[in-house]
Amino acid sequence: MTTVSQNQVVVETEDKQDNLLRLPYFVSVEQLSADDVLHLLQRAQYFKNGGEVPALSRPIFCTNMFFENSTRTHTSFEVAERRLGLTVIPFDPSHSSVNKGENLYDTELTMASLGIEISVIRHPENAYYNEIIRSKEGQHLQMGLVNAGDGSGQHPSQSMLDMMTIYNEFGHFDGLKIMIVGDLTSSRVARSNMEILNTLGAEVYFSGPEYWYDAEEFSKYGTYVKNIDDEIPELDVLMLLRVQHERHNGAEAKTEQLFDAKDYNAAYGLNQRRYDMLKDDAIIMHPGPINRGVEWDGDLVEAPKSRYAVQMHNGVFVRVAMIEAVLRGRKLGGLE
Ligand code: CP
């Protein structure tokens, strides 16, 4: 049942066992249908409303393997795992045998041999997960893998928390005008979100410097807007992206010379003038971390139209639902 409370739509108040998602691994939004997303969001909402997590019939060991820096994703996965009653085994890449040259497959084979059944991985290599989920002949690695971000490829847990934030606000996706702004080519958030927003029926727009827009890839999912101000008054959601200087190498290296933070802020940054142009019920999102004063003027990060803190809060509950989906998909701890 849908109820409206303090301008937020509370969509799900009951636990519906028959709608539970079951997946052997959770690595990309490409795995998900629109119904899958809605069921996951319902489940996350159930947990957010205080619904009980399922009881495990035996201890389940998991580990979080972050080969790239993280604050939100790493911490909220750990909170989610502890809420689910998993036993979290620490893993520190800087003191691991990866530094002796061990590859990711062999590291995961080691983890599985030690009894770890769920691993959450963030890794700089796009689609690193294929090595683990598509074992070659003679290889028997079994791991409930959850992707916490691969290079510029996918960021499914960010996408799910973004979808929860939008759904909580509007109660649907159909026809919502959503603009993704900024460093598009480096962004796994942009890629996951443009794909899933298309699946869910939203209208996607892109803006930002043209050197970070690849028409061949992005035009399949939305419309590029050169002057952000032309579209701002029509938007339901303004989704800002972080400028990811650390990814500007290889083909992107030349963009570091073209980029100027002050010019970027003037052309694409969320300032008071643009804030006032947004509809009263429009919302502003950012995956974090924020370059304050570049993508978003610092004094507006917690303004009424901002959902930045709500996104991070929702992240815990979608991650509980995502890990639960893998526990059920692999029939671990008595869950089915
Ligand atoms: N949004 C996001 O992935 O943030 P972290 O890098 O801090 O996890």
Side-chain angles (χ1 to χ4, degrees), residues 21 23-34 36-41 44 64-74 76-77 80 104-105 108 118-134 143-166 173 178 180 182-200 202 204 206 212-214 216-222 239-242 244 246-247 250-252 285-289 311-312 314-315 318-319 321-323 325-326 329:
L21 194 59
L23 298 171
Y25 44 79
F26 206 137
V27 295
S28 167
V29 299
E30 289 162 14
Q31 291 175 256
L32 306 174
S33 67
D36 289 341
V37 176
L38 294 175
H39 292 157
L40 188 93
L41 300 189
N64 299 311
M65 304 163 72
F66 278 64
F67 298 92
E68 277 188 351
N69 295 336
S70 170
T71 296
R72 275 145 289 273
T73 313
H74 193 162
S76 63
F77 264 117
L104 188 59
Y105 181 90
E108 280 289 77
I118 299 277
S119 67
V120 175
I121 299 185
R122 170 171 287 189
H123 199 276
E125 190 183 314
N126 285 23
Y128 71 82
Y129 45 79
N130 284 334
E131 277 294 298
I132 297 160
I133 62 175
R134 291 190 200 144
M143 181 61 77
L145 178 60
V146 181
N147 181 14
D150 60 294
S152 59
Q154 285 278 314
H155 197 341
S157 65
Q158 180 70 43
S159 242
M160 293 303 102
L161 74 89
D162 287 347
M163 295 311 112
M164 183 173 181
T165 305
I166 295 169
F173 295 94
I178 300 178
I180 308 175
D183 188 354
L184 293 157
T185 44
S186 299
S187 179
R188 54 193 173 211
V189 178
R191 287 194 174 81
S192 304
N193 280 352
M194 71 188 185
E195 289 175 21
I196 207 66
L197 286 168
N198 270 248
T199 301
L200 293 165
V204 177
F206 300 106
W212 286 332
Y213 176 74
D214 175 3
E216 198 178 318
E217 179 181 12
F218 290 94
S219 63
K220 293 195 277 272
Y221 298 96
M239 199 177 271
L240 308 171
L241 297 175
R242 180 171 71 88
Q244 300 190 64
E246 76 278 13
R247 285 195 207 286
E252 298 297 317
M285 297 169 63
H286 191 304
Q311 286 173 269
M312 293 187 282
N314 286 343
V318 294
R319 289 177 174 113
M322 288 172 70
I323 295 171
V326 176

If we only count heavy atoms from C-beta on, is the [X] to [Y] side-chain gap below 4.5 Å?
X      : Y      : result
Ile121 : Ile132 : yes
Leu197 : Met163 : yes
Leu41  : Met164 : yes
Asn198 : Lys220 : no
Arg242 : Asp183 : no

Got a donor-acceptor contact below 3.5 angstrom from the [X] side chain to the [Y] backbone?
X      : Y      : result
Gln154 : Val29  : yes
Arg191 : Thr185 : yes
Asn64  : His74  : no
Gln311 : His286 : yes
Tyr128 : Leu104 : no

Check against side-chain hydrogen bond (donor to acceptor under 3.5 Å, both in side chains), Arg122 and Thr73: CA-CA 9 Å; Arg122 170 171 287 189; Thr73 313; 3.0 Å; yes

Check against side-chain hydrogen bond (donor to acceptor under 3.5 Å, both in side chains), Ser119 and Glu108: CA-CA 8 Å; Ser119 67; Glu108 280 289 77; 2.6 Å; yes

Contact summary for Ser192 and Ser159, nearest pair of heavy atoms: CB-OG, 3.2 Å

Heavy-atom pair of closest approach, residues Pro24 and Val326: O-CG1, 3.8 Å

Positive for side-chain contact (heavy atoms from CB on, under 4.5 Å) with Leu32, one of Ile196, Leu38, Leu40: Ile196

Modelled atom types, side-chain donor and acceptor of Ser152 and Asn126, under 3.5 Å: yes

Residue pair Asp162 / Thr165, side-chain donor-acceptor N/O under 3.5 Å: no

Contacts of type salt bridge (charged side-chain N to carboxylate O under 4.0 Å, His left out), residue Glu195, not counting sequence neighbours: none

Spacing of Gln158 atom CD and Asn147 atom CG [to the nearest 0.5 Å]: 12.5 Å

Rounded distance [0.5 Å steps], CH2 in Trp212 versus CD in Glu252: 8.5 Å

Plane angle bin for Phe218 and Phe206 - parallel if under 30°, tilted between 30 and 60°, otherwise perpendicular: perpendicular

